[in-house]
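Following: one structure in C-alpha cells, then a few remarks.
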Amino acid sequence: GAVHEAIAGGLLVVLSDDPMERYSFRHALIAEAAAHTVLPARRRRLHAAIANALSAAPPLRGTEQAGHLAEIAHHWLGAGDVGRAFSASVAAGDAAAGSGAYAEAHRQYRRALDLWKGADRPEQHVGIDRIELLRRAAHVALLAGDFGPAVDLLREGIERARASGDGTRQGLLYERLARA
C-alpha cells in the first residue's frame, strides 16, 4: 500500500513492467532524505541484505557484471563489511577493465586501495598484493587518460617494491612510469 501511495504521490516511479516490479525515486534528493530516516543499524542490515541478494543473483557479463559487482561493493561498504567490500571492489575493477570501462575500473581499484588497510588479510581475499593492485589501478588510469593519478600510483608501487627488495617489479613499474 505504501508503495502505491508513493507512486501516486510522485515520489517513486515504476522502472519496468516486468514481474520484478522495479521502482526508483523520482529524484536523488528524495532518495537521500528517505535513506536518512532509517536508523544506522537498520540501514547496515538493509545494505547487507541487498548485498547478499545481489551476490546470489545469476552472473552477468561485461559492463553489466562490472556495474553489478560495483553495486555489491557499495552495499557491503554500507553494511560495514570492509573485507567483502574490498573483495567486491577488486572484482568490479577487474570486470570493468576486462570490458574496456577503464574509468570505472580505476574508481573501483581506488576504492579497493582505500579499503586495503581496513580489510583483514587483504592479500588472501583477492590473491594479489598491494603492489599488484597499484599496478592494475595505474594501468587502467593510464588507459582512461588519468595520467596524474597513474603516476602517483606507480610511484607508490615503486616504493613498495623497493622496500620489499623486488627489483624485477620495481623495474617494470619504472617502465610504466616512463610511459605515464
Side-chain angles (χ1 to χ4, degrees), residues 15-16 18 20 22-25 28 31-32 34-35 38 40 43-158 160-161 169 172-173 176-177 179-180:
L15 293 179
S16 65
D18 68 15
M20 294 294 292
R22 294 178 288 176
Y23 307 97
S24 178
F25 286 97
E32 187 176 333
V38 179
R43 190 176 316 132
R44 283 190 299 276
R45 286 193 304 273
L46 288 171
H47 276 295
I50 293 168
N52 278 317
L54 289 172
S55 297
L60 302 169
R61 294 186 182 276
T63 55
E64 289 180 349
Q65 179 189 26
H68 182 77
L69 291 167
E71 194 168 347
I72 291 171
H74 164 79
H75 287 294
W76 280 129
L77 191 57
D81 192 326
V82 175
R84 287 182 175 171
F86 168 74
S87 296
S89 293
V90 173
D94 290 346
S99 65
Y102 303 122
E104 178 61 22
H106 184 225
R107 276 190 293 279
Q108 295 306 316
Y109 288 144
R110 288 305 296 241
R111 176 168 42 195
L113 286 165
D114 291 343
L115 295 173
W116 184 275
K117 290 178 184 158
D120 183 38
R121 297 184 316 271
E123 293 97 343
Q124 292 178 350
H125 281 283
V126 293
I128 60 172
D129 63 5
R130 186 168 175 93
I131 297 170
E132 174 58 17
L133 185 55
L134 288 163
R135 187 203 62 76
R136 290 181 189 184
H139 178 71
V140 295
L142 286 171
L143 292 172
D146 292 334
F147 299 105
V151 167
D152 294 340
L153 292 164
L154 289 165
R155 286 188 174 141
E156 181 183 341
I158 289 166
R160 289 180 177 275
R169 285 207 288 179
L172 291 170
L173 292 170
R176 296 264 175 165
L177 181 60
R179 289 176 187 250

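Please read all numbers here as calculations on a predicted model, not as lab measurements.
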*Nearest 0.5 Å, what's the CD1-CZ distance between I128 and R130?*
10.5 Å
*With sequence neighbours left out, write down each residue that passes side chain to side chain contact (heavy atoms under 4.5 Å, CB included) with A31, or none if nothing qualifies.*
F25
*Taking only residues two or more places apart in sequence, or in another chain, which ones meet H68 in a ring-ring contact (aromatic ring centres under 6.0 Å, His included)?*
none
_Separation between CD1 of I158 and CD1 of I131, rounded to the nearest 0.5 Å_ = 10.5 Å
*Taking atom CZ of R110 and atom CG of L134, what is their separation to the nearest 0.5 Å?*
8.5 Å
*Please list, chain by chain and in numerical order, all residues satisfying side chain to side chain contact (heavy atoms under 4.5 Å, CB included) with A70, sequence neighbours excluded.*
A92, E104, Q108, R111
_Nearest non-hydrogen partners of L142 and A180, listed with the distance_ = CD2-CB, 3.5 Å
*What pair of heavy atoms forms the shortest contact from A137 to L113, and how long is it?*
CB-CD1, 4.0 Å
*Those residues that, when tested against R179, pass salt bridge (Lys or Arg N to Asp or Glu O under 4.0 Å) (two or more places apart)*: E175
_Under the rule for ring-ring contact (aromatic ring centres under 6.0 Å, His included), what residues qualify as partners of H106, not counting sequence neighbours?_
none
_Heavy-atom pair of closest approach, residues L69 and A91_ = CD1-O, 3.6 Å
Side chains of residues 145-154: which donor-acceptor pairs under 3.5 Å do they make with residues two or more places apart or in other chains?
none

*How long is the gap from NE2 on H47 to CD1 on I50, to the nearest 0.5 Å?*
6.5 Å
*How close do A105 and G93 get, heavy atom to heavy atom, and via which atoms?*
CB-O, 3.4 Å
_For A97 against Y109, the heavy-atom pair lying closest together_ = CB-OH, 4.3 Å
*Please name all residues satisfying side chain to side chain donor-acceptor pair (under 3.5 Å) with H74, sequence neighbours left out, ordered by chain then number.*
none
*List the steps and the verdict of side chain to side chain contact (heavy atoms under 4.5 Å, CB included) for V126 and D94.*
CA-CA 11 Å; V126 293; D94 290 346; over 6 Å; no
_Residue from L54, D81, L46 passing side-chain contact (heavy atoms from CB on, under 4.5 Å) with H75_ = L54
_N52: partners by side chain to side chain contact (heavy atoms under 4.5 Å, CB included), with sequence neighbours left out_ = W76, R84
_On a heavy-atom basis, which atom in A161 and which in L173 lie closest, and how many Å separate them?_
CB-CD1, 4.5 Å
*asked:* List the residues meeting salt bridge (Lys or Arg N to Asp or Glu O under 4.0 Å) with E132, not counting sequence neighbours, and say none if there are none.
replied: R135, R136
*Which residues pass the side chain to side chain contact (heavy atoms under 4.5 Å, CB included) test with Q124, sequence neighbours left out?*
R121
*Listed by chain and number, what are the ring-ring contact (aromatic ring centres under 6.0 Å, His included) partners of F86, not counting sequence neighbours?*
W116
